[in-house]
Amino acid sequence: MKPGPVALRELQAPLLAWYRAVQRDLPWRRTRDPYRIWISEAMLQQTRVEAVIGHYERFVARFPSVQALAEADTQAVLEAWSGLGYYRRARALHATAQELVARHLGVFPQRAAELVQLHGIGPYTAGAVASIAFDAPDALVDGNVERVFARWLGWELPRASPELKRRSWQLADELVPAAGAGEWNQALMELGAVVCTPRKPRCLACPVAAWCTAHRTGRAEALPLERAKPATLEVELLVHVVREGGQYLLVKRPEQGRMAGLLEFPSIETAPGEVLWPRALQAEFATGDELARVRHAITRHRIHARVVEARLLRPVVAGELADARGARWVYSSPERLGQLALTGMARKLCALLH
DNA sequence: CATACGTGGTT
DNA sequence: TAACCAAGTAT
């Protein structure tokens, strides 16, 4: 007998009981402030809990309210976000804070249908803020929920596939309780995060294994199915470290596109493949000794960087200036490097240089 | 609807 | 160590 939504309702009480007993103590579970819930949800997108905790604490200390975030400089927001990746999220967060202040007097809408209208807030985050902060009866589906549902129902579907998402949202809508939606949604995700894990699911510790089709058929580890992965691109990079009077030369990336507005060391692509910005002209630098080799990965790209000591061939005054392409060149002292909005590669290099 | 978007930890 | 993975969204 295949479990349907009706049979699955039987597992709601045991799952909630389990969640109340074993849930992790996370900073954003100690508040009902929609602003803080929202920040945590934005940070948690495609990002591990352990990586978020520190950033979350610092972020809400620095920007304690929607108003504070709305009034902040973009560069300060990027700086607080630096290291989390997907920097578009930080810009969306900033823009949405300003929109909330301008059009909602800084007050959060309480239902997912309204929240999803805001920039950077998609169906998942809308459901999360509505249900967790306001206990609105709104459902939510993330990677955890998709995996848990695929196993409960024995869906032989690829991870993150449109069909799996469609079915998951339908089931989530059917299961979400009229009261206690926030707790239910978090219980579902918690199960996926600590028991019903992608690899080596702990079915023996699962409070609802009795209702699980995949557990019964031995398919738990196999579901959801793997999805075809795109080929990785290999990129060779020459990175210049220019020291002038105890300061490092950095270039600010354009405000649009990949890692928008972040600072990095000037670099030159040295092999065919993806064109990485900035493509500082070889002629602008005198290249010296090799300092290090660094491997770095960004989505679908593996970057092999050769780091060389360098100096600029044309004079550049200290401070900020713009080159012919409109790029901003910035000198920074070593002490300040750690506090800037740097790309991952640049941060890795800083650690290496000290 | 497929693809782009980052990083740090794990396997 | 290369591949995989993590509380998605915008285009």
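Per chain, numbering begins at 1; letters A, B, ... match sequence-line order.
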Given the [atom1] atoms of [N] and [M], what is the spacing between them in whole Å?
N: dG6(B); M: dT11(C); atom1: P; answer: 13 Å
N: dA10(C); M: dC1(B); atom1: C1'; answer: 13 Å
N: dC5(C); M: dT1(C); atom1: C1'; answer: 16 Å

Arg62(A) with Glu57(A): basic N within carboxylate O range, under 4.0 Å: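 No, Arg62(A) and Glu57(A) are not salt-bridged.
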Under 3.5 Å: donor-acceptor pair, side chain of [X], backbone of [Y]:
X: Asp73(A); Y: Gln75(A); result: no
X: Arg89(A); Y: Leu84(A); result: yes
X: Asp138(A); Y: Ala130(A); result: no

Which is true for [X] with a 4.0 Å heavy-atom rule: it touches a base, it touches only sugar-phosphate, or it touches nothing?
X: Ala160(A); answer: nothing
X: Gly85(A); answer: base
X: Ser40(A); answer: nothing
X: Ile121(A); answer: sugar-phosphate

Indicate yes or no: at least one non-hydrogen side-chain atom of [X] is less than 4.5 angstrom from one of [Y].
X: Phe149(A); Y: Val145(A); value: yes
X: Thr31(A); Y: Val60(A); value: no
X: Phe134(A); Y: Arg32(A); value: no
X: Leu237(A); Y: Arg306(A); value: no
X: Leu115(A); Y: Leu118(A); value: yes

Length of the [atom1]-[atom2] vector between [X] and [N], whole Å:
X: Tyr19(A); N: dA7(C); atom1: OH; atom2: C1'; result: 11 Å
X: Met43(A); N: dT7(B); atom1: CE; atom2: C1'; result: 14 Å
X: Lys165(A); N: dA7(C); atom1: NZ; atom2: P; result: 11 Å
X: Glu190(A); N: dA7(C); atom1: CD; atom2: C1'; result: 10 Å
X: Lys200(A); N: dC5(C); atom1: NZ; atom2: P; result: 14 Å
X: Glu50(A); N: dT10(B); atom1: CD; atom2: C1'; result: 10 Å
X: Arg253(A); N: dC5(B); atom1: CZ; atom2: C1'; result: 12 Å
X: Leu157(A); N: dC1(B); atom1: CG; atom2: C1'; result: 16 Å

Closer to the 5' end of DNA chain C via nearest nucleotide, is it Lys229(A) or His119(A)?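 Nearer the 5' end of the strand: Lys229(A).
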Residue closer to the 5' end of DNA chain C, Val116(A) versus Leu44(A) (nearest nucleotide):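 It is Leu44(A), whose closest nucleotide lies nearer the 5' terminus.
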Have Ser82(A) and Arg347(A) got a donor and an acceptor in their side chains that come within less than 3.5 Å?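 Yes, Arg347(A) and Ser82(A) have a side-chain donor paired with an acceptor closer than 3.5 Å.
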Under the criterion salt bridge (Lys or Arg N to Asp or Glu O under 4.0 Å), I'd like the reasoning laid out for Glu244(A) against Arg311(A): C-alpha separation, chi angles, the key distance, then a yes or no. CA-CA 8 Å; Glu244(A) 283 279 348; Arg311(A) 62 183 171 82; over 6 Å; no
Give the nucleotide from the list dG8(C), dC4(C), dT7(B) with an atom nearest to the side chain of Thr125(A).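 Looking only at side-chain atoms, Thr125(A) lies closest to dG8(C).
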Closest to the Arg199(A) side chain, choosing from dG6(B), dA3(C), dT11(B):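 The listed nucleotide nearest to Arg199(A)'s side chain is dT11(B).
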Please work out which residues in residues 23-34 of chain A have a non-hydrogen atom less than 4.0 Å from an atom of DNA chain C and list them by number.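 Output list: Arg24(A), Leu26(A), Trp28(A), Arg29(A).
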Quick one, which residues of residues 92-100 of chain A touch DNA chain C with a heavy atom under 4.0 Å?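 When residues 92-100 of chain A is checked for heavy atoms under 4.0 Å from DNA chain C, there are no hits whatsoever.
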Can you find an N or O donor on one side and an acceptor on the other, under 3.5 Å apart, linking the side chain of Tyr124(A) with the base of dG8(C)?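 Answer no: no donor N or O sits under 3.5 Å from an acceptor.
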Can a donor-acceptor pair under 3.5 Å be found between the side-chain atoms of Thr343(A) and the base atoms of dG6(B)?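 No, the side chain and the base share no sub-3.5 Å donor-acceptor pair.
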Under 4.0 angstrom between Arg347(A) side-chain N/O and dG6(B) OP1 or OP2: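 For dG6(B), OP1/OP2 do not have a side-chain N/O of Arg347(A) under 4.0 Å.
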Would you please confirm or rule out a distance under 4.0 Å between OP1 or OP2 of dA7(C) and any side-chain N or O of Gln45(A)?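 For Gln45(A), the contact criterion (side-chain N or O under 4.0 Å from OP1 or OP2 of dA7(C)) is not met.
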In terms of ring plane angle, is the pair Trp81(A) and Phe59(A) parallel, tilted or perpendicular, where the classes change at 30° and 60°?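 Correct class here is perpendicular.
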Which protein N or O atoms sit under 3.5 Å from an N or O of nucleotides 2-4 of chain B?
| residue | atom | partner | partner atom | Å |
| --- | --- | --- | --- | --- |
| dA4(B) | OP2 | Arg300(A) | NH1 | 2.8 |

Qualifying residue, where the test is side-chain contact (heavy atoms from CB on, under 4.5 Å) with Leu153(A) and the options are Val148(A), Leu8(A), Leu223(A):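 The passing option is Leu8(A).
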